[in-house]
Protein chains: 2
Amino acid sequence: MKKELVNTLRDFNRFYTTVLGVVNNHILESDYSLTEARIIYEVNEQEGITARAIKEKLQIDEGYMSRMVAKLVKQGAVKKKQSKEDKRIFALALTAKGRQIAADINRQSDEQVKNLVKHLDLKEREQLAGLIMQVKQLLEKGNAEK
Amino acid sequence: MKKELVNTLRDFNRFYTTVLGVVNNHILESDYSLTEARIIYEVNEQEGITARAIKEKLQIDEGYMSRMVAKLVKQGAVKKKQSKEDKRIFALALTAKGRQIAADINRQSDEQVKNLVKHLDLKEREQLAGLIMQVKQLLEKGNAEK
DNA sequence: TATAATACTTGCTTTTGTCAAGTATTATTT
DNA sequence: AAATAATACTTGACAAAAGCAAGTATTATA
């Protein structure tokens, strides 16, 4: 494989690690950790999703996941509903409060992302959107992520 | 600002958070944490760089940075050289062992990145390299990063 | 019916990161 | 020149985040 591509990608990964770090740190000035925010996002996206499914998608440790869900339930953001067919499984859903939190996090995420592209004009923004969609598509191609 | 772009970017950020998580976790199966690896990388790139400069570039807490450097010095990977003109400042450099470690981490990073694009043919790889360079360039434009 | 697998939980520990105060040195102000 | 502020880094105390392994309950399989 060409060394050049590898270096380009690694450079991009370093760059984007810092970008995400900055974006996420600002979001976290809300009271939710990045992982909590991601869990809330997933539950909001897909009501009834299980802890297991989220854990697999986000690559979170099982025990940690369990505690995070417990914490969110305790805080009243998430509710668990035990399946009748299989009592091991709990469907997760947001409470009204959880949806409010999700909305807050979304708003803050939006702001952060807007900040990221605030220096670009309309044309450049459209260009960027096109580029990242292509990047994602290429990377997903073989890796069979959602 | 158009909602669409914001959503596209946020989707990409979620996606890439997981990508980086996977890549980094594999690298960390070497004995160095992500932050240590990044510090070693920076010192390797720019011999004589200060803790302060790295801290600013990587957005690391000052106290944490100090401890990381101390740890790397203790492990024999990094050496500090006090400036004669300004005794507050220490120029950092890798030792021979540090360069070896950097080489190892580089090799593992290369492997991880190769794995990321292993399903792409040559044309797609070149395409990807072009895309991410453009993305980086656009995002850097106003943010005045390195 | 015993064994294995699945979904989740819990105890224990380590790693990672933050904050604030502290030291030493250099630059700036009065 | 002495006092004050700023800079570069360190240290202590603490908290948040994450990982690992063993454990419980339930369901599927041999």
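Convention: sequence-line order gives letters A, B, ...; per-chain numbering from 1.
- Atom CG of A:D61 and atom C1' of C:dC12 are 13 Å apart (whole Å).
- In terms of phosphate contacts, A:T35 brings no side-chain nitrogen or oxygen within less than 4.0 Å of OP1 or OP2 of D:dA17.
- Not a single donor-acceptor contact under 3.5 angstrom links the side-chain atoms of B:R67 to the base of C:dG17.
- Between the P atom of D:dT11 and the CE atom of B:M65 lies a distance of 15 Å, rounded to the nearest Å.
- Checking D:dG19, C:dT9, D:dC9 against the side-chain heavy atoms of A:S66 singles out C:dT9 as nearest.
- Picking from D:dT11, D:dC20, D:dT27 the nucleotide with the shortest atom distance to the side chain of A:K87 gives D:dT27.
- The closest donor-acceptor contact from the side chain of B:S66 to the backbone of B:E62 lies at 3.5 Å or more, if one exists at all.
- Comparing D:dA18, C:dT25, D:dT10 by their closest approach to the side chain of B:D86 singles out C:dT25.
- Ranking D:dA17, D:dT11, C:dC8 by closeness to the A:K71 side chain, first place goes to D:dA17.
- Toward the 5′ end of DNA chain D lies the nearest nucleotide of A:E62, the other residue of the pair A:E85 and A:E62 mapping further downstream.
- Distance B:M68 CE to D:dT10 P: 14 Å, rounded to the nearest Å.
- A donor-acceptor pair under 3.5 Å is absent between the side-chain atoms of A:H119 and the main chain of B:E140, judged by distance alone.
- Comparing D:dT26, C:dC8, D:dC9 by their closest approach to the side chain of A:A51 singles out C:dC8.
- The side chain of A:F90 sits closest to C:dC8 out of D:dT10, C:dC8, D:dT26.
- The CG-C1' distance, from A:N25 to C:dT16, rounds to 13 Å in whole Å.
- Nearest heavy atom pair, residue A:G98 against residue A:I40, reads O-CG2, 4.3 Å.
- In this structure, CD1 of A:I60 is placed 16 Å from C1' of D:dC20, rounded to the nearest angstrom.
- Contact check on B:D121 versus B:K123 returns no salt bridge, with no Lys/Arg side-chain nitrogen under 4.0 Å from an Asp/Glu carboxylate oxygen.
- The nucleotide whose nearest atom lies closest to any side-chain atom of B:I89 is, among D:dA25, D:dC9, C:dT10, D:dC9.
- Nucleotide C:dT16 holds its C1' atom 12 Å from the CD1 atom of B:I39, rounded to whole Å.
- Using a 4.0 Å heavy-atom criterion, one finds that A:E36 contacts no nucleic acid atom at all.
- B:L34 places its CG atom 13 Å from the C1' atom of C:dG17, with the value rounded to the nearest Å.
- The nucleotide whose nearest atom lies closest to any side-chain atom of A:R88 is, among C:dG17, D:dA13, C:dT6, C:dT6.
- At a threshold of 4.0 angstrom between heavy atoms, the contacts of B:K55 with the nucleic acid are absent.
- At a threshold of 4.0 Å, the pair A:E42-A:R38 does not count as salt-bridged, since none of the basic side-chain nitrogens sits closer than that to a carboxylate oxygen.
- If you check D:dA8, D:dC20, D:dA18 against the side chain of B:R52, the one that comes closest is D:dA8.
- Using a 4.0 Å cut-off between a side-chain N of Lys or Arg and a carboxylate O of Asp or Glu, B:D104 and B:R107 qualify as a salt bridge.
- In this structure, A:E56 atom CD and C:dT6 atom P are separated by 10 Å, rounded to whole Å.
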